[in-house]
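All values below were derived from every heavy atom in this structure, side-chain atoms included, with hydrogens, water molecules and symmetry-related copies excluded. For ligands, and for the atoms within them, numbers begin at 1 and follow the listed sequence. Residue indices begin at 1 and follow the sequence shown.
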Amino acid sequence: MAATILDGRELGRTIEKDLMSRIDNLKGRGLHPHLAVVIVGDDPASHVYVRNKEMACERCGIKSTRIDLDSSVTEIEILKVVEMLNLDDSVNGILVQSPLPKGIDESLIIDAINPQKDVDGFHNVNLGKLVQGNTSGLLPCTPAGIMKILEFSDFETSGKNALVIGRSRIVGMPLSILLAQRGIDATVTIAHSRTKNLAEICRQADLVVAAIGRAEFVKPEWIKPGAMVIDVGINRIPDSTRKSGSRLTGDVDPDVMDIAGWMTPVPGGVGPMTIAMLMSNTVMGTELFSNI
Ligand code: NDP
């Protein structure tokens, strides 16, 4: 039987709609949630991501400001822009789009953001709170979006075997912590490029999250029938049938659909949820920390 498709676009729009009344409320108090996005260089994928974030702000009624910096910019110049945004009381959220050009220390830039404006949830302070079991603050958007997908599905996480493939600071690691937290109670295994017998480990999992960055890597024969499969990957692969000559695909082979119980599509699964959670963090940051 084919898997139930978990439509992140629809759920993301529902979350955005729910935010609108909170945004109206804030506006009534003279507070207009405001997201500042810093983008460095001309990486086409980054420009698409930033445009999607700006469009989400427009849909929700969040003010957005975009700061374009040339790829030749220095670390000190980026830090100065971050400091300016930190000091600007009208700005509630700051996002520095990844990846930054070679030679720029991304962690240094992220940790220069005021943690109360760190709407990506990547600052040491916000990740530290998460490790301490405090999930009430600004959580990383992709893991938070995945948790919402699980919450809105009829999948029960408690006591289930969860396999997270990928241990990045922005997806795999924080998601593993969220899945293992009290109340969610999954038994979590984290896999990475040095993991042995991945297919075998995967076959034991009731929930598989693929955050690897390798096109259609997870195969149908790795999946336990009826499992929940969350595909985080965004990979562009050649496709001669398309006018553009390429298309987007995830880290999971689409044939997994015939084995899994639930599955997120790519595109239209985790991606829109990541953006919805960015909007949610911007609103939460305004509610909790606004100085105006
Ligand atoms: P990273 O490159 O930071 O991490 C990839 C992880 O995959 C690493 O932990 C790596 O292991 C692991 N890995 C690589 N090869 C293998 C392998 N053969 N077997 C097992 N594990 C492997 O990627 P991100 O976490 O930033 O992103 C992952 C994917 O998700 C990308 O496609 C990215 O575009 C996408 N993404 C999508 C988002 C969305 O909103 N939908 C948001 C963020 C990312 P090791 O640590 O050993 O190197």
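- Salt-bridge formation is detected for the pair Asp239/Arg242: a Lys NZ or Arg NE/NH1/NH2 atom is positioned less than 4.0 Å from an Asp or Glu carboxylate oxygen.
- The ligand atoms of ligand 1 that sit less than 4.0 angstrom from a heavy atom of Ala211 are 5 (C), 6 (C), 7 (O), 28 (C).
- Of the protein's heavy atoms, Thr142 OG1, 3.3 Å lies nearest to atom 42 (C) of ligand 1.
- In terms of protein heavy-atom proximity, atom 17 (C) of ligand 1 is closest to Phe217 CZ, 3.7 Å.
- The protein atom (non-hydrogen) at minimum distance from atom 21 (N) of ligand 1 is His192 C, 3.1 Å.
- In terms of polar-atom proximity, Arg167 is counted as a contact of ligand 1, with an N or O under 3.5 Å from an N or O of the ligand.
- Following chains of ILVMFWY side-chain contacts shorter than 4.5 Å, one can reach Leu31 starting from Met279, so the two form part of one hydrophobic cluster.
- Within ligand 1, the atoms closer than 4.0 Å to a non-hydrogen atom of Ile165 are 20 (C), 21 (N), numbered from 1 in the order shown.
- Val171 CG2, 3.8 Å is the protein heavy atom nearest to atom 43 (C) of ligand 1.
- The nearest non-hydrogen atom to atom 16 (C) of ligand 1, considering only Ile234, Ile212, Leu278, comes from Ile212.
- Below 4.0 Å from some heavy atom of Gly166 lie the following atoms of ligand 1, by number and element: 6 (C), 7 (O), 9 (O).
- With Ser168, Ala45, Gly213 as candidates, the residue nearest to atom 3 (O) of ligand 1 on a non-hydrogen basis is Ser168.
- Close contacts of ligand 1 with Thr274, meaning ligand atoms under 4.0 Å from a residue heavy atom, involve 39 (C), 40 (O).
- Within ligand 1, the atoms closer than 4.0 Å to a non-hydrogen atom of Gly271 are 40 (O), 41 (N), numbered from 1 in the order shown.
- Ion pairing between Glu54 and Arg51 holds under the 4.0 Å rule for side-chain N and carboxylate O.
- The closest approach between a heavy atom of Ala191 and any atom of ligand 1 is not below 4.0 Å.
- The proximity of Arg169 to ligand 1, defined as any non-hydrogen pair under 4.0 Å, does not occur for either the backbone or the side chain.
- Looking at Asp253 and Trp222, their side chains never bring a donor and an acceptor atom within 3.5 Å of each other.
- Under 4.0 Å from ligand 1, heavy atoms of Val232 appear from its side chain as well as its backbone.
- For atom 36 (N) of ligand 1, the nearest protein heavy atom is under 4.0 Å away.
- Backbone and side-chain nitrogen or oxygen atoms of Tyr49 are examined, and none is located within less than 3.5 angstrom of a nitrogen or oxygen of ligand 1.
- Each of the following atoms of ligand 1 lies closer than 4.0 Å to a heavy atom of Arg214: 15 (N), 18 (N).
- Between Ser193 and ligand 1, an N or O atom pair is found at a separation short of 3.5 Å.
- Distances shorter than 4.0 angstrom do not occur between any heavy atom of Thr195 and any atom of ligand 1.
- Near Ile170, meaning under 4.0 Å from any of its heavy atoms, are these atoms of ligand 1: 26 (O).
- Counting heavy atoms of neighbouring residues, nucleotides and ligands inside a 6.0 Å radius, atom CD1 of Ile76 does not exceed 12 of them.
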